[in-house]
2 protein chains.
Amino acid sequence: MADEPNTGLLLYIPYRWLENRVFAAMTEAGYDITTAQMKLMQRVGPEGTRLTDLAEQAQVTKQTGGFLVDQLEKGGWVERVPDPTDKRARLVCLSDKAKEAIPVAEAAVAQAEAEWQAHLGKQGMAQLRHALTRLREITDPYA
Amino acid sequence: MADEPNTGLLLYIPYRWLENRVFAAMTEAGYDITTAQMKLMQRVGPEGTRLTDLAEQAQVTKQTGGFLVDQLEKGGWVERVPDPTDKRARLVCLSDKAKEAIPVAEAAVAQAEAEWQAHLGKQGMAQLRHALTRLREITDPYA
DNA sequence: ACACTTAGTCAGTGCATCTGACCAAATACG
DNA sequence: CGTATTTGGTCAGATGCACTGACTAAGTGT
């Protein structure tokens, strides 16, 4: 089906690799969290974020988002607090545990990116990020 | 958790977008197949491929691979034929239906990539592919 | 006030993935 | 040659994540 690998596959390979790296780092540091949970949690803002917004940004249905927030809540990563401005809504906020864990994840990402930069060269890495950022303009409904 | 989006997210966004595009094109053309099935099927070689190899290349366990091949077989995409050189093994081969469908998927990919090229410029696209190909060297156990 | 939209939940389903246990054929080695 | 190990694949069971559909409750607009 493919002699020249399509760009999708080329994107997927390093993505998956990075995801596994971060997941492994978190596990090793004793944090029990899944990639889907991380993906959602990444989107939680400093003042808290509504479930609907979270789900939309992570490109899942609000049901799926709700399910993930349930897991995150059980794991002590987030809390749901009432939104003072809207009685229907609740804000998902990061717990202290989550705030502690963030540097661990960030360090794993940083290390992986450093390895990539070492391989591609500083300029190559910058070009890659630039191209991807531009691509985001036409592929991310949330850009 | 992120002010500057990490490279993983940047990779994921266009990947997911492309996957959705291709999936939608297949669905519209009347082909009923899932992305996971496509991912596996992509790896089937012209002479057929062993389940174990498929699973390994797609980075799933052989159990998962077997499950996906079951689905593909039910959908009439592939057949399992005995491997003449090894009585334990069976080769997964593409059916005529699959061979027909490939151009549809390829056209969808080509169109999406053309849109990307229009946005990034010919040179930008070439640089992107080049960087990703180089990255594959250190992130793909199958490079 | 009444209709409509928005925030979120509940119930049910299916797909993709994993681990662990297992069998049978092929290969390696003493 | 015969046993031990590796390799190809399946079965059984469980979990995670995603979906659709139907619903409640609160806010919004005319």
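Residue numbers start from 1 in every chain, and the chains themselves are labelled A, B, ... in the order their sequence lines are given, proteins ahead of strands. All values reported here derive from a predicted model rather than from experimental measurement.
- Counting heavy-atom neighbours within 6.0 Å of H130(A) NE2, excluding the residue itself, gives a total of 12 or less.
- Judged as a ring-ring contact (aromatic ring centres under 6.0 Å, His included), and not counting sequence neighbours, the contacts of Y31(B) are W77(B).
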### Summary
Each nucleotide of nucleotides 6-19 of chain D classed B (base within 4.0 Å of a protein heavy atom), S (only sugar-phosphate) or -, in 5' to 3' order, makes -BBBBB-----BBB
### Query
Given the rule in the side-chain contact (heavy atoms from CB on, under 4.5 Å) test, do I33(A) and M41(A) qualify, once you have shown the distances and angles that lead to the verdict?
CA-CA 10 Å; I33(A) 190 170; M41(A) 209 166 77; 3.9 Å; yes
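- Around the NZ atom of K97(B), the shell of radius 6.0 Å holds more than 12 heavy atoms that belong to other residues, nucleotides or ligands.
- Of all heavy-atom pairs spanning A58(B) and L40(B), the tightest one is CB-CD1, 3.7 Å.
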### Query
How far apart are the C-alpha atoms of L10(B) and L135(A), what are their side-chain angles, what is the distance that settles it, and do they pass the side-chain contact (heavy atoms from CB on, under 4.5 Å) test?
CA-CA 9 Å; L10(B) 288 178; L135(A) 220 44; over 6 Å; no
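- For the helix from dA1(C)-dT30(D) to dG30(C)-dC1(D), the terminal axes (five pairs an end, C1' atoms, rotation from four pairs onto the next four) enclose an angle of 30°, given to 10 degrees.
- The side-chain contact (heavy atoms from CB on, under 4.5 Å) test with V92(B) singles out one residue from L68(B), D53(B), L72(B), V78(B), and that residue is V78(B).
- Of all nucleotides in DNA chain C having an atom under 4.0 Å from a heavy atom of chain B, the first and last in 5' to 3' order are dA16(C) to dA26(C).
- Residues forming a salt bridge (charged side-chain N to carboxylate O under 4.0 Å, His left out) with R134(A) (at least two apart in sequence, or on another chain): E137(A).
- A salt bridge does not link R43(A) with E56(A): none of the charged nitrogens is closer than 4.0 Å to a carboxylate oxygen.
- In this view, R80(B) and D70(B), E73(B) satisfy the side chain to side chain donor-acceptor pair (under 3.5 Å) rule, not counting sequence neighbours.
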